[in-house]
Amino acid sequence: KNQVEQSPQSLIILEGKNCTLQCNYTVSPFSNLRWYKQDTGRGPVSLTIMTFSENTKSNGRYTATLDADTKQSSLHITASQLSDSASYICVVKTSSASKIIFGSGTRLSIRP
Amino acid sequence: GAGVSQSPSNKVTEKGKDVELRCDPISGHTALYWYRQSLGQGLEFLIYFQGNSAPDKSGLPSDRFSAERTGGSVSTLTIQRTQQEDSAVYLCASSLGQEYNSPLHFGNGTRLTVT
């Protein structure tokens, strides 16, 4: 069964600290993996896409990694800011039937 | 407009009434999706449109839910005889098409409250 599991479910860190969010998937066949950021009361916005051949990709203070062998991805946030407070959602797309499978998200709170 | 537009942004209705939610996707986006998000929960897939047809409507929770898309653009999600458990945020997203590695562009949702 195609599934996307995220951990932790929620996380609270102090402003300026780093954190890493995890995503494990059992989706097959794999096409790509995206991380989305969802601010409260808003729709999700794509942060980055990882394809099979990519191991790491950065977007400002966000760095995503992908290990296609272990079917794991991580999103690392450096020098966190209050505006990073949001839910972060891991989304995996299959290459057959083009299914898009959402994880349940990690709710990140940054404290001043 | 530049993004996906959803209306209304908020809807309060009485149990048993019908509601219609509207989604205006980004111009040129052939794929359109509806999702439901309960408070503090993840996104629940409802239905996917490619053009005007819906090849995947497997997420619609009951026959009270239906959706249509006309002109390959605007979509409406209709909920008949609303129940309190229908209360949630209904999100619409569009993209260039599933054959592309393009992201989903989401609207800000319609918050539905059934009293």
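Lettering follows sequence order; numbering is per chain, from 1. These figures come from a predicted structure and were not determined experimentally.
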**Neighbour count >12 (heavy atoms, 6.0 Å) for atom CG, A:L82** = yes
**Same apolar cluster (I L V M F W Y, side chains within < 4.5 Å links), A:L47/A:V91** = no
**Asked** Can you tell if the side chain of A:K93 reaches within under 4.5 Å of the side chain of B:L104, non-hydrogen atoms only?
**Response** no
**Message:** With chain B as the partner, which of A:I89, A:N32, A:D39 has the greatest number of non-hydrogen pairs under 4.5 Å?
**Reply:** A:N32
**Message:** Is there a path of hydrophobic side-chain contacts, each under 4.5 Å between heavy atoms, that joins A:I101 and A:L75?
**Reply:** yes
**Item:** Portion of A:Q6 that has a non-hydrogen atom of chain B nearer than 4.5 angstrom
**Value:** neither
**Message:** Could you check whether atom NZ of A:K57 has more than 12 heavy atoms from other residues, nucleotides or ligands sitting under 6.0 Å from it?
**Reply:** yes
**Message:** Quick check: is A:I110 connected to A:Y88 through a chain of hydrophobic side chains (ILVMFWY, heavy atoms under 4.5 Å apart)?
**Reply:** yes
**Complete:** Correct closest heavy-atom pair for B:L91 and A:P44 would be CD1-CD, 4.3 Å
**Request:** Kindly work out whether a path of hydrophobic side-chain contacts (I/L/V/M/F/W/Y, heavy atoms less than 4.5 Å apart) joins B:F45 to A:V92.
**Result:** no
**Item:** Toward chain B, the part of A:S10 with a non-hydrogen atom under 4.5 Å
**Value:** neither
**Complete:** Turns out that what part of B:Q37 lies under 4.5 Å from chain A's heavy atoms comes down to side chain
**Prompt:** Given a strict heavy-atom distance threshold of 4.5 Å, which part of B:Y35 is in contact with chain A: side chain, backbone, both, or neither?
**Reply:** side chain
**Item:** Pairwise side-chain contact, B:L43 with A:Y36, heavy-atom cut-off 4.5 Å (strictly under)
**Value:** no
**Message:** So A:K99 and B:D56, do their side chains get closer than 4.5 Å, heavy atoms only?
**Reply:** yes
**Prompt:** What is the minimum heavy-atom distance between B:P103 and A:R34, and which atoms define it?
**Reply:** N-NH2, 3.2 Å
**Prompt:** Considering only heavy atoms, which portion of B:S58 lies under 4.5 Å from any heavy atom of chain A: side chain, backbone, both, or neither?
**Reply:** side chain
**Asked** So which part of B:Y48 gets closer than 4.5 Å to some heavy atom of chain A, the side chain, the backbone, both or neither?
**Response** neither
**Item:** Rounded distance (nearest 0.5 Å) linking atom CD1 of A:I100 with atom OG of B:S95
**Value:** 6.0 Å
**Request:** Please say whether more than 12 non-hydrogen atoms of neighbouring residues, nucleotides or ligands are located less than 6.0 Å from CD in B:E14.
**Result:** no
**Asked** Can any side-chain N or O of B:N108 pair as donor or acceptor with the backbone N or O of A:R42 at less than 3.5 Å?
**Response** no
**Prompt:** Is A:Y62 reachable from A:I13 through a run of hydrophobic residues whose side-chain heavy atoms are each under 4.5 Å from the next?
**Reply:** yes
**Message:** Less than 4.5 Å to any heavy atom of chain B: does that hold for the side chain of A:T51, its backbone, both, or neither?
**Reply:** side chain
